[in-house]
Amino acid sequence: MNQEIDDFKTKVLFVLSHLDSGEVISYGELARQAEHPNHARQVGQILKRLPRDTQLPWHRVVNSKRQISFSEGSAAYYRQKIALEAEGWIICGQRLLAKEAP
DNA sequence: CATTGGGCTTAAT
DNA sequence: AATTAAGCCCAAT
């Protein structure tokens with residue numbers, strides 16, 4: 001029960017920690033890889049509760065449309081955008097376009 | 001106990 | 001390609 005949920009969180013964080021710079025993954029896909037296909041929103045909850053100084057690359061998680069899931073202009077949006085741009089992404093509004101050539 | 005709202009997704013227009 | 005509607009699951013209220 002709660003054990004199950006903890007496992008889920010653990011797996012989510014595990015998968016997340018294995019993403020390389022420049023990769024992105026969707027909430028749903030992340031949930032899927034953590035063996036709970038329909039828990040995309042829970043992934044969001046988990047990420048939002050991460051400490052602000054976490055090492056984990058939470059910013060590499062975007063929604064299925066390849067967009068930043070925060071409303072444009074919000075503080076969270078900018079944090080994520082900046083982090084992604086630092087990894088070479090070109091971002092237009094909420095949308096992630098192609099990566100810059102390294 | 002029911003309602004509501006989230007860093008969502010998918011299918012159908 | 002963009003918008004809408006219906007699903008989904010947990011936690012907080």
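Order of the sequence lines sets the chain letters (A, B, ...), proteins ahead of strands, with each chain counted from 1. Note that the coordinates shown come from a computational prediction; the quantities given were computed from them, not determined experimentally.
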Sorted by chain and number, sequence neighbours left out, side chain to side chain donor-acceptor pair (under 3.5 Å) with Glu87(A) holds for His59(A), Arg60(A)

For [X] and [N], what is the distance between atoms [atom1] and [atom2] respectively, to the nearest whole Å?
X        : N       : atom1 : atom2 : result
Ile25(A) : dT9(B)  : CD1   : C1'   : 14 Å
Tyr78(A) : dG7(B)  : OH    : P     : 19 Å
Asn38(A) : dC9(C)  : CG    : P     : 5 Å
His36(A) : dT9(B)  : NE2   : C1'   : 17 Å
Glu29(A) : dT9(B)  : CD    : P     : 10 Å
Gln42(A) : dA12(C) : CD    : C1'   : 13 Å
His39(A) : dG7(B)  : NE2   : C1'   : 17 Å
Lys81(A) : dG7(B)  : NZ    : C1'   : 17 Å

Using modelled atom types only, decide if a donor and an acceptor are shared between the side chain of [X] and the backbone of [Y] within a distance under 3.5 Å.
X        : Y        : result
Ser74(A) : Tyr77(A) : yes
Glu35(A) : Phe8(A)  : no
Gln80(A) : Val61(A) : yes

Between the base of dG7(B) and the side chain of Gln45(A), is there any donor-acceptor pair under 3.5 Å? no

Sequence neighbours excluded, which residues qualify as side chain to side chain contact (heavy atoms under 4.5 Å, CB included) partners of Lys9(A)? Ile5(A), Asp6(A), Ile46(A)

List for me each residue that meets side chain to side chain contact (heavy atoms under 4.5 Å, CB included) alongside Ala40(A), sequence neighbours excluded, and say none if there are none. Tyr27(A)

Intra- and interstrand pairs of DNA chain B - dot-bracket, Watson-Crick/G-U under 3.5 Å, | marks other strand: .|||||.||||||

Beyond-backbone contact of Leu16(A) with Leu47(A), side-chain heavy atoms, under 4.5 angstrom: yes

Would you say that His39(A) contacts Val12(A) through its side chain, given a criterion of any heavy-atom pair below 4.5 Å between the two side chains? no

Quick check for you: among [options], whose closest atom lies nearest to any side-chain atom of [X]?
X        : options                 : answer
Arg49(A) : dA11(C), dG6(B), dC8(B) : dA11(C)
Val61(A) : dG7(B), dC8(B), dA12(C) : dG7(B)
Leu47(A) : dG7(B), dT9(B), dC9(C)  : dG7(B)

[X] vs [N]: side-chain N/O to OP1/OP2 distance below 4.0 Å:
X        : N      : result
Ser26(A) : dT9(B) : yes
Arg95(A) : dA2(C) : yes
Ser64(A) : dC8(B) : no

Go nucleotide by nucleotide along DNA chain B from the 5' end; which of Arg32(A) and Tyr27(A) gets its closest nucleotide reached first? Tyr27(A)

Touch class at under 4.0 angstrom, heavy-atom based, for Arg79(A) against every strand present: nothing

Distances under 3.5 Å between nitrogen or oxygen atoms of protein and nucleotides 3-7 of chain C:
none

Same cluster or not: are Ile82(A) and Val24(A) linked, directly or through other Ile, Leu, Val, Met, Phe, Trp or Tyr residues, by side-chain heavy atoms under 4.5 angstrom apart? no

Work out how far the C1' atom of dG7(C) is from that of dG6(B), and round it to whole angstrom. 15 Å

Going by chain and number, the hydrophobic cluster around Ile90(A) (ILVMFWY, side chain to side chain under 4.5 Å) further includes Leu97(A)

